[in-house]
Each structure stands twice: as C-alpha cells, then as structure tokens.
S.K.: 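Have a look at this one.
Sequence lines set the chain letters: A, B, ... in the order given, protein chains first and strands last, and positions in each chain run from 1.
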Number of protein chains: 2
Amino acid sequence: MQSTRQISLGELIHDAGAAGIAWRLQSGAVRLDRVIGDERHFAGLALKGDVIGAETLLFGSYAFEARALGDCTLEAWLDPGSQPSGESLLQTLAATERRAADALALRYGEAMERVRRLFQLLAREPKPGQAAPILIPGLKDMAEMTGLTVETVSRVVSRLRKSGLLQKRGRHAGLLLTEAF
Amino acid sequence: MQSTRQISLGELIHDAGAAGIAWRLQSGAVRLDRVIGDERHFAGLALKGDVIGAETLLFGSYAFEARALGDCTLEAWLDPGSQPSGESLLQTLAATERRAADALALRYGEAMERVRRLFQLLAREPKPGQAAPILIPGLKDMAEMTGLTVETVSRVVSRLRKSGLLQKRGRHAGLLLTEAF
DNA sequence: CGCCGCGTTGAGCCACGTCAACATAGGTGG
DNA sequence: CCACCTATGTTGACGTGGCTCAACGCGGCG
C-alpha cells in the first residue's frame, strides 16, 4: 500500500466494510455515506486536513463509504500513538465533531442559505484580492448533502450565477466573488 | 469535582468555552449546541454510553454547549491513556461519527419520518413484551433537532398519539408501541 | 390572582417537491 | 469521423407539505 493517493472527482475511495487504513486529506473534499442494505445516506463530510477511516485502527474495516467530491490528495495516516495520551487522536476527534456540526448546518434553513453554506465549506482560500475558487461537485451530491432535490439546487445555483456571486468556469468549476459570500 | 453528576430535564450541563472535564453518559440524552455570538445552533447529540467534552483533554475547555434532553447521569471520563494507542479514544471517535450520522438523518425526509427517527433514538430498551418508554423533550428541542417548527412537531406528535403509536403518560413521558415503531 | 412559558389548533400562503420535456457533454462502437 | 446512448443539468407548470401568523388552553409560580 503506497502512502499517498490521488483520487479524482466522483471516484470511490473505499467501500463500507472493506478492509483498509486511515487517511488524511491533504486537499479536496470527501463525502461519507452510511450504507444500509443497498441504500446510501449522506453521513458526513471531510475536508482538507481531516482524517477518514480512523475506525480501521479499531475494527480493521471502514464504517462508511467514502467518495471524492473533487480531486483529492490522501496521505496514509498512522495514529502517532507515540504521543502520550494520543494527542493527535484527540485533535482528530475534535475536528470530527466540528465537521459534523458543519454538515448538520447544511440541512437547516432555506435552500439558498444551505447551498451557500455548502459552497463556503468547499471554497479554497482565495489568492489575495481574487475570488475564491471552488470545485463544484455534481448536483446530485449537493442535493443529497443539503437535503434538497437536484432541481432546487440547480435553480439556486442559477440564481447565484445570475446575481454575479458565482462565475462559471467550465463544467465543474466556478468562482465565488469575495465580498458577497 | 465529584466523579458523577445527576442532571435533570432542560438543565445546562456546561457552557461553550467553559473549563471542565469530559463526561460519559450513563443514561439520558444530551443535545450539543454550537454557540456563535448569542445564537445557538444544534450541533450534535449524545446518548447513553457516549462521551461529551472530550476536547477538554486537548483545549481545557468545552467546544459546545451541552443541555440535558431528559434526566441524565454523567460519570467523569478520564482518557484511559494507559492503553497502548488509546483504544478507548478510538472507540469514542467511532461512536461520535455514528451519532453524527444519526443526527444528520434527523434532518432528512418528511416531518413524520424525522420525528419518528428522533423517538427511536431516544427510546429506551423496552421490558420484554412491553412498549418502549421514552422521555420526550420539549417541542422546542425536538423542532431544533429535526429542523422543523414547533407547530409542525406538535401536529406530528398529535397524529402519532391519535394513531395509537404513542401513548401519553404525563407531561414529559410517552410510550412507544413496540410493533409499530 | 395575573403572568409567563409551553403546547395545541386553525387558516392561508409560499418555497420546495414532483413531474415532464428538453439541452448538453462524454463515452463507446462502428 | 459520425451515430448513438446515457448521465447530468436546466427550465417550466403545478400541487402540497410545512412555515407563518394568530388565537387559545393549561399548568406553574410569584
């Protein structure tokens, strides 16, 4: 097993139940899904710096399915158990709780607010004075994360583009204007 | 600081930012809120066996506000760092991820489904052949967790009672009929 | 007693879901 | 290269579930 992986948009990172190790997200975004029978339900989000699959250190297999929301770089994450009291494990735990709260917020309020919150999470740091680049996942992914329908998300994104908050840049890229967002 | 606490319905367990230690929930249910300015947003849920405030081991203070959704028994939780590679910390991490997924599911689908999912989480194990007792939190709490309004939750609960799935038992107690739920 | 927090219920409206038609981009095989 | 197909996104028309606003009942408490 190599110690770093490149994953591209929409690609499966790992199945639920499969054996594997934990990874840290160097860049990109990942959606986690709980798999029940043949149904998949959005169960969490991982962004740059977050760790996925930490439960493999305990069970040996993944609890969730992970799929890339954009191009991702993963590096193998071995619990630095060397630290007294597993400090990095604690940091991972704290980060996980924060992300979970972020994900919950994606499912509250009006459609427009939800999608904007999602974009804010996905936005990368802008170069000074520039708009923040953002890798837009498929509508289906966005709909499932926000708890809306594809049609509604499409309409919201259209409105954002028309109002100038979002600039189209190819099929899967847009720009967020700094001031407004 | 005593090593076990009794908390009753609606009571504050700890403020966000306050200093304190981590606790394990021996019984009851707790809602976690992210505090931004003077606003509080539902950010997580803790049930029997879950650990809250683990981040105090790292920061010394709580990241979220915690409030009892029913009567709770807490016991002090000291990270058993004695274990090689912090196994109990890993278990806590895994449990946190599962709970986060549960909380997310509370905000998806129709009102009726959401409230039922919430009740299923809050239900205690029934005595064999009996209905499952459940401590019902206030409507406001339920509304904020499910992302609905108080009025809608009230109507849903009414319908559940009329349909016999739920039996009233005093102001803050109900019964879930085993078969249906 | 009067006040206040909490729950209940009704009436009306609107944001979003549903259904349907169509556009566009990639992918695959001839 | 085109022909075809499928996945994905867009847009419109329409219906409805849940939000809003409002009135009221009830219990606890000073």
S.K.: With a 4.0 Å cut-off on N to O distance, would you call A:R117 and A:E113 a salt bridge?
M.R.: yes
S.K.: Please assess A:R40 against A:E144 for the test salt bridge (charged side-chain N to carboxylate O under 4.0 Å, His left out), listing each intermediate value before the final yes or no.
M.R.: CA-CA 10 Å; A:R40 246 167 294 279; A:E144 283 165 11; over 6 Å; no
S.K.: At 4.0 Å (heavy atoms only), tell me whether B:E151 reaches a base, stays on the sugar-phosphate, or touches nothing.
M.R.: base
S.K.: Rounded to whole Å, how long is the line connecting atom CZ of B:R114 with atom C1' of D:dG18?
M.R.: 10 Å
S.K.: Does D:dG18 have OP1 or OP2 sitting under 4.0 Å from an N or O in the side chain of B:T149?
M.R.: no
S.K.: Roughly how many Å is it from CG in B:L139 to C1' in D:dG18, rounded to a whole number?
M.R.: 15 Å
S.K.: Nearest whole angstrom, please: distance from the P of D:dG18 to the CZ of B:R107.
M.R.: 15 Å
S.K.: Does B:S154 place a side-chain N or O at less than 4.0 Å from the phosphate oxygens OP1/OP2 of C:dT8?
M.R.: yes
S.K.: How would you label the contact of A:G147 with the nucleic acid (heavy atoms, under 4.0 Å): base, sugar-phosphate, or nothing?
M.R.: sugar-phosphate
S.K.: B:G10 near the nucleic acid: base, sugar-phosphate alone, or nothing, with a heavy-atom cut-off under 4.0 Å?
M.R.: nothing
S.K.: Is there a path of hydrophobic side-chain contacts, each under 4.5 Å between heavy atoms of I, L, V, M, F, W or Y residues, that connects B:F59 with B:W77?
M.R.: yes
S.K.: Is there a donor on the side chain of B:R155 or the base of C:dG7 sitting less than 3.5 Å from an acceptor on the other?
M.R.: no
S.K.: Could you state the atom-to-atom distance from CD of A:E110 to C1' of C:dG17 in whole Å?
M.R.: 15 Å
S.K.: Whole angstroms only, please: what is the CG-P distance between B:L9 and C:dG7?
M.R.: 10 Å
S.K.: For a 4.5 angstrom cut-off between non-hydrogen side-chain atoms, does B:L165 reach B:F119?
M.R.: no
S.K.: Quickly work out the B:M142 CE to C:dG7 C1' distance and round it to whole Å.
M.R.: 10 Å
S.K.: Flag yes if B:Y108 and A:L104 sit in one hydrophobic cluster, no otherwise; membership is Ile, Leu, Val, Met, Phe, Trp, Tyr, and two members link when side-chain heavy atoms are under 4.5 Å apart.
M.R.: no
S.K.: Does B:R161 reach a base, just sugar-phosphate, or nothing at all? Heavy atoms under 4.0 Å.
M.R.: sugar-phosphate
S.K.: What integer distance in Å separates B:L148:CG from C:dA15:P?
M.R.: 18 Å
S.K.: Would you kindly give the CD1-to-P distance between A:I136 and C:dA25, to the nearest whole Å?
M.R.: 16 Å
